[in-house]
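For reference, the structure discussed in these notes is given below.
Chain A is the first sequence line, chain B the second, and so forth, proteins listed ahead of strands; every chain is numbered from 1.
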Amino acid sequence: MYLNEWMKNFLFKLVFVVSAFFFLSPDILHAEWGLNMTQGVTPISQDVYNMHMTTLYVVTVIGILVFGVMFWSIFHHRKSKGVKPSKFSHSTSVEVIWTLIPFIIIVSLAIPATKLLARMDDTSESSITVKATGYQWKWKYDYINEDVTIYSNMAEDSVEASQRNSGIDPKATDNYLRNTDTALVLPVGKKIRILTTANDVIHAWWVPDLGWKRDAIPGFINDNWTIINKEGVYRGQCAELCGKGHGYMPIVVKAVPEKEYTAWIEGTKLALKSKNASSDKDFTMDELRAKGEGVYKANCLACHQANGQGIKGVFPAIDGSPLANLKENIPAHIHQVIYGKGVMPAFGEQLSDTDIASVVTFVRNNWGNKTGHIIQPKDVVAARKK
Amino acid sequence: MSSQTIADHDHHDHKPVGIKRWLFSTNHKDIGTMYLVFALIMFFIGGSMAMVIRAELFQPGLQFVDPQFYNSMVTVHALVMIFGAVMPAGVGLANWMIPIMIGAPDMALPRMNNMSFWILPFAFALLLGTLFIDGGGPAGGWTMYPPLVLQTGKAFPYLIFAVHFLGVSSIMGAINIIATVFNMRAPGMTLMRLPLFVWTWVITAFLLIASMPVLAGAVTMLLTDKYFGTSFFNAAGGGDPVLFQHIFWFFGHPEVYILILPAFGIISQIIPTFARKPLFGYASMVYATASIAILSFFVWAHHMFTVGLPITGELFFMYATMLIAVPTGVKVFNWVATMWKGAMTFEAPMLFAIAFVILFTIGGFSGLMLGITPVDFQYHDTYFVVAHFHYVLLTGAVFALMASAYYWLPKWTGYMYDEKLAKIHFWLSAIASNVLFFPQHFLGLAGMPRRIPDYSVQFADFNMISSLGGFAYGISQLLFVYIVIKCVLGGKKATSQVWEGARGLEWTLSSPPPFHSFTKPPKVTKALMDY
């Protein structure tokens with residue numbers, strides 16, 4: 001009796017705690033989505049969600065029927081109830097029926113799926129084309145016809161918080177691992193064609209709110225499209241294993257009204273021009289080091305690590321290396337950053353002269369490297385000309 | 001005590017002793033035992049890697065391992081579980097059971113049998129050894145997609161040669177099974193009287209022979225791309241990275257049926273035994289298994305819906321994939337119909353078998369969902385996929401293997417296992433595996449990609465639940481080892497029949513069976529196989 005009371009009490013508490021955990025936990029309440037697929041913000045994502053729910057309902061009903069029969073049998077046809085087993089071993093009519101019914105169900109699912117796939121496949125009549133190129137581990141976006149190219153790295157605070165035992169609470173970080181330094185800005189209500197490709201290994205471009213993902217494959221260009229109906233910021237990340245930085249390749253899409261989009265394009269064009277124009281200016285060591293640290297975090301840290309030690313056998317150390325310390329190696333050092341070497345990608349296209357000058361200065365004057373060498377943007381310009 | 005008995009005993013049961021018995025063994029039972037023990041060891045090695053993965057994912061942030069090592073855990077966990085645990089366990093069961101189920105003295109090719117086993121420890125020494133060299137183990141995923149896999153360091157050639165060895169071993173095992181079943185059946189053991197386990201293994205063996213060389217070809221092309229300047233998969237040299245995926249999955253999809261078909265066979269043995277009723281629709285079971293095997297060669301690209309196939313290709317592979325649900329459905333319905341109006345008891349093998357039917361079917365449901373191309377664009381490469389294939393492989397294949405271990409342990413050892421502990425093991429496993437994998441459906445739908453060492457904070461709660469389930473599942477399996485060891489050491493004597501409702505030749509032999517199974521072929525009649 002006492003045990004029963006205790007059991008009841010315990011079960012009540014357990015159910016309460018479990019349901020509180022699932023339904024009342026503030027994290028879940030405040031999360032963008034909880035248990036289910038997002039309905040997204042495009043006509044296609046809504047259709048994909050509906051197709052997902054239809055299939056889910058169909059399999060749930062089948063499951064309830066099949067498991068229902070099974071459990072009825074388990075409870076009633078047991079030896080302990082003195083049942084004598086039947087001897088039947090087949091029935092052609094039943095077997096034909098339960099082959100045909102699943103077949104009919106499948107055909108009825110395949111028809112709407114075929115129609116939806118055909119609509120997703122139609123990339124014609126788009127008004128804007130953006131090419132997304134996957135790099136280890138960042139995204140490059142080319143606005144075709146606009147002559148605008150932007151690179152999108154994971155935001156610096158996420159980089160810091162995601163270091164092993166960083167001591168920084170991910171929950172206190174703004175959109176931990178899902179925030180970038182530069183967002184892909186797109187206009188709402190326009191048909192946008194998104195091309196995906198890659199520079200090194202296979203990546204996959206995925207923003208769940210748009211309703212699809214597509215692989216980005218070196219040497220191939222896949223085309224996709226979307227119409228975003230609602231202004232907002234939509235987050236996703238790389239979905240194909242692409243090496244150690246695979247979990248650190250966020251995608252942020254900022255959907256804005258068309259006017260704002262046009263203004264942003266113009267502004268970005270101007271900014272890109274001035275960025276390239278500043279290369280004849282000279283900077284002080286402190287300026288270069290401060291700027292270089294940011295460039296290092298966004299581009300170099302994933303492989304060479306925060307302490308410049310790299311990973312033994314995979315990524316070489318910069319701290320103490322001859323390339324980053326000997327004066328006669330300065331040209332080689334700049335050359336390697338611009339053109340890459342082996343697994344190391346070429347940064348010449350994505351980093352400005354000032355970026356390269358400052359990051360090279362930074363690594364030559366950080367950790368145990370105390371060379372005092374100052375590299376100016378004009379040195380990089382000279383290196384590019386060779 | 002008469003010397004006569006000892007001499008007789010010697011005559012029937014002569015066997016080599018010591019290390020030589022195992023190293024040079026040509027005996028199907030000894031080789032079967034070695035396969036099973038090897039598989040269990042690999043199950044724990046692969047499982048400990050899963051524990052590392054779940055520990056790292058317990059909460060957001062990076063606490064225990066670096067991303068590179070995390071990726072190598074993901075990669076090697078899969079390779080070890082597939083090629084080291086589930087496949088060898090299946091081959092071990094085939095070795096032990098097929099000769100005594102068809103009334104043969106041994107396997108048809110005993111020396112090849114020895115070789116196909118002894119390749120395995122060396123193959124895994126190559127693979128696991130890479131975890132301790134500079135640069136670590138392979139970290140490009142078990143699917144080995146180029147160009148990423150070509151960035152592997154010193155581990156690369158070890159990985160390729162390990163896969164070659166595993167392929168050779170599997171092909172030899174498969175040839176042996178086919179040769180045994182087609183040549184060594186006892187008189188009266190017609191093909192349509194074969195126990196379902198034997199049938200599923202014959203079909204699996206054909207899948208192995210057809211698919212393993214394809215994998216060997218694919219990894220050899222990787223090897224030459226890396227070291228000999230070829231460009232099979234290098235777009236810059238005129239090659240095609242997607243070509244590898246086509247070749248890999250032409251092997252890979254039959255491979256998943258290689259893992260699950262023997263499990264179907266096991267379940268089809270166990271359910272009739274404990275329902276005390278013949279298997280419903282024997283012939284349709286055989287035909288369904290064969291159709292699944294044939295269809296498995298026409299669905300490979302459903303693993304690649306997002307690579308950018310032309311729409312006609314996507315439609316073809318979607319339809320073919322959905323079609324597999326029909327024969328698979330037939331199997332599930334047949335199992336339920338076998339239970340219907342039986343007189344069931346619920347010993348550990350039956351519990352695992354029932355759990356298999358339910359949980360495998362849930363994995364089948366998510367499989368059908370994944371097969372629908374436009375929706376797969378959302379599911380693909382998320383935790384929804386991870387949940388799906390662990391439902392079919394862990395609560396599917398592994399649960400069936402556990403069921404088979406309890407079902408045949410008394411036959412193998414001559415002693416009954418501890419039923420009470422086995423039931424505890426079942427309930428712990430069944431509950432823990434669902435706590436482990438069910439929330440992963442939610443994670444995938446909510447947008448968490450697979451193969452990431454760290455995640456955005458909205459995924460924190462379900463990852464924590466999943467990890468707790470993972471730890472519980474991992475610890476529960478130690479109980480299984482204890483039960484097995486206890487059973488090997490002694491216990492209640494098992495009869496030849498062992499289970500009241502068991503039918504078939506293996507239950508006519510003593511428990512444990514003599515060293516050389518059937519020295520004279522038994523006469524198989526319909527009555528022997530039937531109820």
Pair B/Phe346, A/Arg78 - check side-chain contact (heavy atoms from CB on, under 4.5 Å), show working. CA-CA 9 Å; B/Phe346 301 94; A/Arg78 38 173 78 209; 3.6 Å; yes
Just do the side-chain contact (heavy atoms from CB on, under 4.5 Å) check on B/Thr306 and A/Trp212 with the steps written out, would you? CA-CA 9 Å; B/Thr306 64; A/Trp212 49 264; over 6 Å; no
Could you go step by step and tell me if A/Thr55 and B/Phe365 meet the side-chain contact (heavy atoms from CB on, under 4.5 Å) rule? CA-CA 9 Å; A/Thr55 327; B/Phe365 288 154; over 6 Å; no
Between A/Tyr176 and B/Asp454, is the side-chain contact (heavy atoms from CB on, under 4.5 Å) condition met? List the steps. CA-CA 10 Å; A/Tyr176 180 60; B/Asp454 194 1; 2.3 Å; yes
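Contact of B/Phe333 with chain A is made through backbone and side chain together, with heavy-atom distances under 4.5 Å. With a 4.5 Å cut-off on non-hydrogen atoms, B/Val332 touches chain A through its side chain but not through its backbone. In this structure, no portion of B/Ala236 lies under 4.5 Å from any heavy atom of chain A. Of the two parts of A/Met70, the backbone and the side chain both hold a non-hydrogen atom closer than 4.5 Å to a non-hydrogen atom of chain B. For B/Met369, the parts lying under 4.5 angstrom from a heavy atom of chain A are both the backbone and the side chain. A/Asp121 touches chain B through its side chain: at least one heavy atom from C-beta onward sits under 4.5 Å away, while N, CA, C and O do not. Residue contact with chain B, scored on non-hydrogen atoms closer than 4.5 Å, is absent for A/Ile44. Using a 4.5 Å cut-off between heavy atoms, A/Phe75 makes no contact with chain B at all. Neither the backbone nor the side chain of A/Thr196 has a heavy atom closer than 4.5 Å to any heavy atom of chain B. With a 4.5 angstrom heavy-atom cutoff, B/Leu443 does not touch chain A via any of its atoms. Neither the backbone nor the side chain of A/Ala204 comes within less than 4.5 Å of any heavy atom in chain B.
Note on ring orientation: taking the six-membered ring where Trp is involved, the planes of A/His52 and B/Tyr379 are perpendicular (angle over 60°, cut-offs 30° and 60°). Ring orientation note: the planes of A/His77 and B/Trp340 are nearly perpendicular, at an angle over 60° on the 30°/60° scale.
The choice from A/His76, A/Lys84, A/Glu95 that makes the most heavy-atom pairs within less than 4.5 Å of chain B is A/Glu95. The candidate with the highest count of non-hydrogen atom pairs below 4.5 Å against chain B, out of A/Asp169, A/Ile74, A/Val66, is A/Ile74. Top candidate by heavy-atom pairs under 4.5 Å with chain B, chosen from A/Leu116, A/Asn224, A/Val94, A/Val107, is A/Leu116. Note on A/Ser45, A/Ala198, A/Gly211: by heavy-atom pairs under 4.5 Å with chain B, the leading option is A/Gly211.
In plain terms, the two heavy atoms of B/Leu148 and A/Cys242 that are nearest each other are CD1-C, 3.6 Å. Taking all atoms of both residues into account, the shortest heavy-atom contact from A/Ala118 to B/Ile311 is CA-CD1, 3.5 Å. Counting all heavy atoms, side chain and backbone alike, B/Ala235 lies closest to A/Gly219 at CB-CA, 3.6 Å. In this structure, A/Asn222 and B/Val307 approach most closely via the heavy-atom pair ND2-O, 3.0 Å. Across A/Ala113 and B/Ile372, no two heavy atoms sit closer than the pair CB-CG2, 3.6 Å. For the pair B/Ala343 and A/Val83, the tightest heavy-atom approach, listed with the atom from each and the gap, is CB-O, 3.4 Å.
The backbone N or O of B/Met339 lies less than 3.5 Å from a partner atom in the side chain of A/Ser73, making a donor-acceptor pair. Using modelled atom types, no side-chain atom of B/Lys277 and backbone atom of A/Lys87 make a donor-acceptor pair closer than 3.5 Å. Judged by distance alone, with hydrogens and angles left aside, the side-chain atoms of B/Gln378 form a donor-acceptor pair with the main-chain N or O of A/Pro208 at under 3.5 Å. The backbone N or O of B/Gly308 lies less than 3.5 Å from no partner atom in the side chain of A/Asp215, so there is not a single donor-acceptor pair. The backbone N or O of B/Phe64 sits less than 3.5 Å from a side-chain atom of A/Arg164, completing a donor-acceptor pair.
Distance check, rounded to the nearest 0.5 Å: CE of B/Met322 to CG of A/Leu109 gives 5.0 Å.
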